[in-house]
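As structure tokens, the structure follows; a few thoughts come after it.
What's counted below: heavy atoms across the whole structure, side chains too, no hydrogens, waters or symmetry copies. Naming: A, B, ... by sequence-line order, numbering from 1 per chain.
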There are 2 protein chains.
Amino acid sequence: MLQAKGEKTRNEIIECAKNLFYHKGFEATSFSDIVAAAQVNRGNIYHHFKSKDDILRAVVDQRLQEFAALLTGWERRLSDPRERLIAFVHMVVSRQDELARYGCPIGSLNTELGKDRPLLQREARRLFDLFRDWLARQLALSGTAGNSQVLALHLLGRAQGIALIAHVYGDRTFLLRETAELEQWLRRV
Amino acid sequence: MLQAKGEKTRNEIIECAKNLFYHKGFEATSFSDIVAAAQVNRGNIYHHFKSKDDILRAVVDQRLQEFAALLTGWERRLSDPRERLIAFVHMVVSRQDELARYGCPIGSLNTELGKDRPLLQREARRLFDLFRDWLARQLALSGTAGNSQVLALHLLGRAQGIALIAHVYGDRTFLLRETAELEQWLRRV
DNA sequence: ATAATAATTGGATGAATGTCTAATAATTGA
DNA sequence: TCAATTATTAGACATTCATCCAATTATTAT
């Protein structure tokens, strides 16, 4: 068997929890929600995870893998680092529907955990680190003027602001307009 | 008596709930938290509010009044609409500590409620409307090129992105750098 | 002063929360 | 094949949750 039985259950739990945490928020998602969505027995979850916090850690790890794969994919397909940066902006466009509905999965998670779950936020912040460091590397390769770490954080902030407003107003038009502007900025910088 | 006894209790509940919702989040704040902070009897809250959602509505109303007063204050003190826009940016700077610790009270609230409390988010969104419309008015008065509503939303998004990143990284240096840049942009636009 | 109204008390409500346990079933490796 | 490990089940656990109530106390108008 390529994937052991337990492994399959574990992945199902992670996948369902990931969507629930994104769509409802971490605090608002209950054990019963996860159990129902994953169609797993209540007690069985504790054979795979030792707590709800532990599930979140697994979800963050899974998201890290997902996004890391995305980034290396762009690196493989696009030789020009500036085109890779634009691919980042295009990702926002291609996810406009879910962003308008639920906000940014990384931003909203960190916003929630940043309030009073410092240890968990430390884990979730790694998702930001991943993008920040990758963007900084591409900016450096692009030969942009100025500190590439500074520019990377600026770019992250712009993207987060766009996702947040698009979510608050459910406004995809705003998202399209702002990402187009951001792309222009990237070509100039 | 200037303020009836009940009125005073009611305001105390609102004030404490406002801070708790901001510091912990709406979902993460329990009735017991509010009761303990406001030093009010458990059952007494239901004489003033009919539910937790109802408390949030009162908190939003209070924040609306607060911010509306802030805006009219700037209008009174500053005749140049462009200086008023800069005052908006300076507000972010002056609140850098709480923004880095808890994020933006308006943005984080809307992000949380936007996920699965559409009716409550509709209320909270009015806080964004207040700023958006005011900023648009000042931008129009400034004679900026381009649609002032569009520019206002852009400005709001920039501010939200700054607050979010500053919160995630607890980074006031980033906040200062980005707001300075935003101020320069405002003087140019 | 007194009747009417408003505010407060303290405890009770049932439902939902996350967590755990002991027993059973399934899968795996020798 | 059979012992050992891993996975699943069903339910119970104490606690906390938001909400509500009946009784009491304060306050307000007349």
**Request:** Let me see the working for Asp54(B) and Ser51(B) under side-chain hydrogen bond (donor to acceptor under 3.5 Å, both in side chains), right down to the final yes or no.
**Result:** CA-CA 5 Å; Asp54(B) 201 39; Ser51(B) 68; 5.4 Å; no
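- The residue among His48(B) and Asp33(A) whose nearest nucleotide of DNA chain C lies closer to the 5′ end is His48(B).
- By the 30° and 60° cut-offs, the orientation of the rings of Tyr169(B) relative to Phe128(A) is perpendicular.
- The cluster map of Ile, Leu, Val, Met, Phe, Trp and Tyr, joined by side-chain heavy atoms under 4.5 Å apart, puts Leu141(B) and Leu78(B) in different clusters.
- Pairing each heavy atom of Ala17(A) with each of Val59(A), the nearest pair is CB-CG2, 4.0 Å.
- The distance between atom CG of Leu56(B) and atom C1' of dA18(D), rounded to the nearest whole Å, is 15 Å.
- Atom NZ in Lys8(A) sits roughly 17 Å away from atom C1' in dT28(C) (whole-Å rounding).
- Side-chain N/O atoms of Ser51(A) include none lying less than 4.0 angstrom from OP1 or OP2 on dG18(C).
- dG18(C) atom C1' lies 13 Å from atom CG of Asp54(A), rounded to whole Å.
- With DNA chain D read from its 5' end, the first of the two nearest nucleotides for Lys52(B) and His47(A) is the one closest to His47(A).
- Protein atom CD1 of Ile34(B) is 11 Å distant from nucleotide atom P of dC17(D), rounded to whole Å.
- Distances were taken from every side-chain heavy atom of Ser30(B) (C-beta onward) to each of dT19(D), dT17(C), dC17(D); the shortest belongs to dC17(D).
- To the nearest angstrom, C1' of dA26(D) lies 17 Å from CD of Glu7(B).
- Taking only side-chain nitrogens and oxygens, Tyr46(B) never comes nearer than 4.0 Å to OP1 or OP2 of dC20(D).
- Summary of the strand contacts: Gly43(B) and Thr29(A) both lie near DNA chain C, and taking for each the nucleotide with the nearest heavy atom, the more 5' one is attributed to Gly43(B).
- Distance Ile45(A) CD1 to dT17(C) C1': 14 Å, rounded to the nearest Å.
- The distance from atom CG of Asn41(A) to atom P of dA23(C) is 17 Å, rounded to the nearest whole Å.
- Between the CD atom of Gln39(A) and the P atom of dA7(D) there is a distance of 20 Å, rounded to whole Å.
- Applying the 3.5 Å distance criterion, the base of dA18(D) shares a donor-acceptor pair with the side chain of Arg42(B).
- End-to-end axis angle for the helix from dT19(C)-dA12(D) to dA30(C)-dT1(D), using five pairs per end and rounding to 10°, comes out at 20°.
- For the OP1/OP2 pair of dG18(C) and a distance below 4.0 Å, the side-chain nitrogens and oxygens of Ser32(A) include no atom meeting the criterion.
- Here the side chain of Asn44(A) is nearest to one of dT8(D), dT19(D), dG18(C), namely dT8(D).
- In this structure, the ring of Trp74(A) has its center no less than 6.0 angstrom from the ring center of His90(A).
- Val40(B) and Tyr46(B) fall within a single hydrophobic cluster, where Ile, Leu, Val, Met, Phe, Trp and Tyr side chains are chained together by heavy-atom contacts under 4.5 Å.
- Taking the ring centre of Phe21(B) as origin, the terminal cationic atom of Lys115(A) falls outside the region bounded by 6.0 Å and 45° from the ring axis.
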